[in-house]
Amino acid sequence: MKRWKKALLGCGGALVAIPVILAGVVFLFFPKSAPASAERVPRDAATLRRGEYLFRHVADCGGCHSHHDETRFGLPILGTPGRGFGLRRGGVAFGGAKLPGLYASNITPHPEHGIGRWTDGEILRAIREGVSRDGRPLFMAMPYSNYREMSDEDARAIVAYMRTMTPAADVVPASSVGFPLVVIQRFVPRPLEGPVRAPPRSNRVAYGRYLSTLASCIECHTQRDDRGDMRMDLFLAGGRPFEEPGVMHARSANLTPDPETGMQMTEEQFVSLFHSFREMAAGHAEIPQVERGKSTPMPWFAFADMEADDLRAIYAYLRTVRPIRHRVSTGVRR
Ligand code: HEC
Ligand code: HEC
């Protein structure tokens, strides 16, 4: 064989071999994960109450992990909460990111199709460290990077509550996102570095920030750039698009204290706005139908039962963020 031919073949081999070796390294060493803890979370009444409150009314886990009535205002949950959903149709919480093949798992305690056979430690690890029971990395649409900040106590309470939910037999496939996301997502999960504590409730601003993280207020009310990073120049200034043909065409609101374009509500108005959805959330008042394509992803019905004190803490926090002049038309009428 001529020398140049050999060299060329060698190059070709390297061209194939290098990516294969790199992929091997990535798949062998990532995601970074630690063994799930062997703990059993407490299941007393107070813990269960706290868990239910956080799951349903603060973190709104059911918002992503359920089906929704897309014809009504606020996309109320349809059927058993937590039974999982193909987000490619709902995309409720992450607007732009409509990836075919992305599913929010069945997180009910069904032994085969849900998380009934997982240990408490495995569920805790999935929520805050982003790996599934078998070590598979969870796609970033599951906001585990934010839930890292969830205190050990709160995370345990959520797990305790999840055990008591109605099991649903819905079969939801594991997500499969295409290249390059399938590689990128392997680098994101990280084990926790130690115990996690919540700020004391007495520190209104810090506790409000904590709740705003768990409740994804910051997530939904801040736009992302092309690389998917939060735009700090528009932190909490709204404008994040939520587009779903036939369901919604909305932009999140500016929640900063900018006097012209930001949130103008007083604390009292803020709390009453959230609580004004209580009757509907409880099923005592009918949730209005909306014109096709005019619903909103803002989880009004989940948050309707947030405690006034917690809403006040969130309000206190929102008043401390940098005012940003950014006029947004949300495209939603209440
Ligand atoms: C913004 C949407 C969203 C929210 C909010 C959300 N999740 Fe998820 N979650 C997902 C998606 C999407 C997946 C699947 C990711 C994948 O398959 O790669 C997932 C996966 C999971 C898994 C792993 C299931 C499995 O079979 O691997 C658990 C457990 C879980 N979520 C629990 C929760 C809990 C508890 C909350 C609330 C504290 C929550 N999620 C809030 C979107 C969400
Ligand atoms: C899933 C995304 C999402 C989450 C999570 C979310 N929001 Fe929103 N929010 C929106 C969108 C979109 C709008 C605009 C449409 C509407 O008003 O319904 C909005 C509207 C609002 C409004 C009404 C503003 C006005 O002047 O009309 C307030 C107040 C608000 N959000 C506060 C919050 C707070 C506080 C949190 C966390 C506790 C939160 N949001 C979480 C998407 C979200």
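Order of appearance sets the numbers: ligands from 1, and atoms from 1 within every ligand. Note that the coordinates shown come from a computational prediction; the quantities given were computed from them, not determined experimentally.
Residue M142 holds the heavy atom nearest to atom 33 (C) of ligand 1 of all those in R128, M142, E122. In the candidate list L318, V328, L255, L255 is nearest to atom 28 (C) of ligand 2, counting heavy atoms. Of the candidates G63, S176, C64, C61, the one placing a heavy atom closest to atom 1 (C) of ligand 1 is C64. Among Y103, F139, Y161, Y144, the residue whose heavy atom lies closest to atom 14 (C) of ligand 1 is Y103.
An N or O contact shorter than 3.5 Å links S132 to ligand 1 by distance. Backbone and side-chain nitrogen or oxygen atoms of S216 are examined, and none is located within less than 3.5 angstrom of a nitrogen or oxygen of ligand 2. Considering backbone and side-chain N/O atoms, R334 comes within less than 3.5 Å of an N/O atom of ligand 2. Geometrically, ligand 2 and T330 share no nitrogen or oxygen pair separated by less than 3.5 Å.
Checked for salt-bridge contact, D229 and R227 meet the test: a charged N lies under 4.0 Å from a carboxylate O. Taking the charged nitrogens against the carboxylate oxygens, E153 and R50 have no contact shorter than 4.0 Å, which rules out a salt bridge. We find that D226 and R231 are not joined by a salt bridge, their nearest charged nitrogen and carboxylate oxygen being 4.0 Å or further apart. Between E129 and K32, no side-chain nitrogen of the basic residue sits less than 4.0 Å from a carboxylate oxygen of the acidic one, so the salt-bridge criterion is not met. A salt bridge does not link R156 with D120: none of the charged nitrogens is closer than 4.0 Å to a carboxylate oxygen.
M265 counts as a contact of ligand 2, since one of its heavy atoms falls under 4.0 Å from the ligand. Ligand 1 is never approached by E219 to a heavy-atom distance shorter than 4.0 Å. At a 4.0 Å cut-off, at least one heavy atom of P299 sits close enough to ligand 2 to count as contact. Look at Y315 and you'll find every heavy atom at least 4.0 Å from all atoms of ligand 2. The shell of residues lying under 4.0 angstrom from ligand 1, judged by heavy atoms, includes L138.
Heavy-atom proximity to C217, at under 4.0 Å, picks out these atoms of ligand 2: 34 (C), 35 (C), 36 (C), 37 (C), 38 (C), 39 (C), 41 (C). Those atoms of ligand 2 with a heavy atom of A215 less than 4.0 angstrom away are 5 (C), 37 (C), 38 (C). Counting atoms of ligand 2 from 1 in the listed order, those under 4.0 Å from a heavy atom of T296 are 15 (C), 16 (C), 18 (O). Near R136, meaning under 4.0 Å from one of its heavy atoms, ligand 1 places the atoms 16 (C), 17 (O), 18 (O), 27 (O). Interface of I127 with ligand 1, defined as ligand atoms under 4.0 Å from a residue heavy atom, comprises 35 (C). Interface of P297 with ligand 2, defined as ligand atoms under 4.0 Å from a residue heavy atom, comprises 1 (C), 12 (C). Atom numbering of ligand 1 starts at 1 in the shown order; those under 4.0 Å from a heavy atom of W118 are 23 (C), 24 (C), 25 (C), 26 (O), 27 (O).
Under a cutoff of 6.0 Å and an axis angle of 45°, R186 and F27 form a cation-pi pair.
Taking the six-membered ring wherever Trp is involved, the centroid distance between the rings of Y147 and Y144 does not fall below 6.0 Å.
Between atom 8 (Fe) of ligand 2 and S252 there is no N/O/S contact shorter than 2.8 Å. Atom 8 (Fe) of ligand 2 has an N, O or S atom of H221 closer than 2.8 Å.
With a heavy-atom cut-off of 4.0 Å, Y147 touches ligand 1 through its side chain alone. Only the side chain of P143 comes within 4.0 Å of ligand 1, counting heavy atoms alone; its backbone N, CA, C and O stay farther away. At a 4.0 Å heavy-atom cut-off, ligand 1 does not touch Q185 at all. With a 4.0 Å cut-off on non-hydrogen atoms, M162 touches ligand 1 through its side chain and not its backbone. Contacts between F274 and ligand 2 below 4.0 angstrom, taking non-hydrogen atoms only, involve the side chain exclusively.
Proximity of L318 to F270: side-chain heavy atoms (C-beta onward) are separated by under 4.5 Å at one or more points. With contacts defined as side-chain heavy-atom distances shorter than 4.5 Å, the pair E243/R251 qualifies. Side-chain contact between Q185 and R136: absent, with no pair of heavy atoms (C-beta onward) separated by less than 4.5 Å.
Residue-environment remark: CD (E286) stays at or below the threshold of 12 foreign heavy atoms within 6.0 Å. A 6.0 Å sphere centred on NE2 of H249 holds no more than 12 heavy atoms belonging to other residues, nucleotides or ligands.
Within the 3.5 Å criterion, the main-chain N or O of A160 finds no donor-acceptor partner in the side chain of T164.
Within H65, the N, O or S atom lying nearest to atom 8 (Fe) of ligand 1 carries the name NE2.
Applying side-chain hydrogen bond (donor to acceptor under 3.5 Å, both in side chains) to E149 and the options R197, R128, R209 leaves one that passes, R209.
Using the six-membered ring where Trp is involved, F277 and W300 have ring planes that are parallel, under 30° apart on the 30 and 60° scheme.
Linking ILVMFWY side-chain heavy atoms closer than 4.5 Å, directly or via other members, places V58 and L48 in two distinct hydrophobic clusters.
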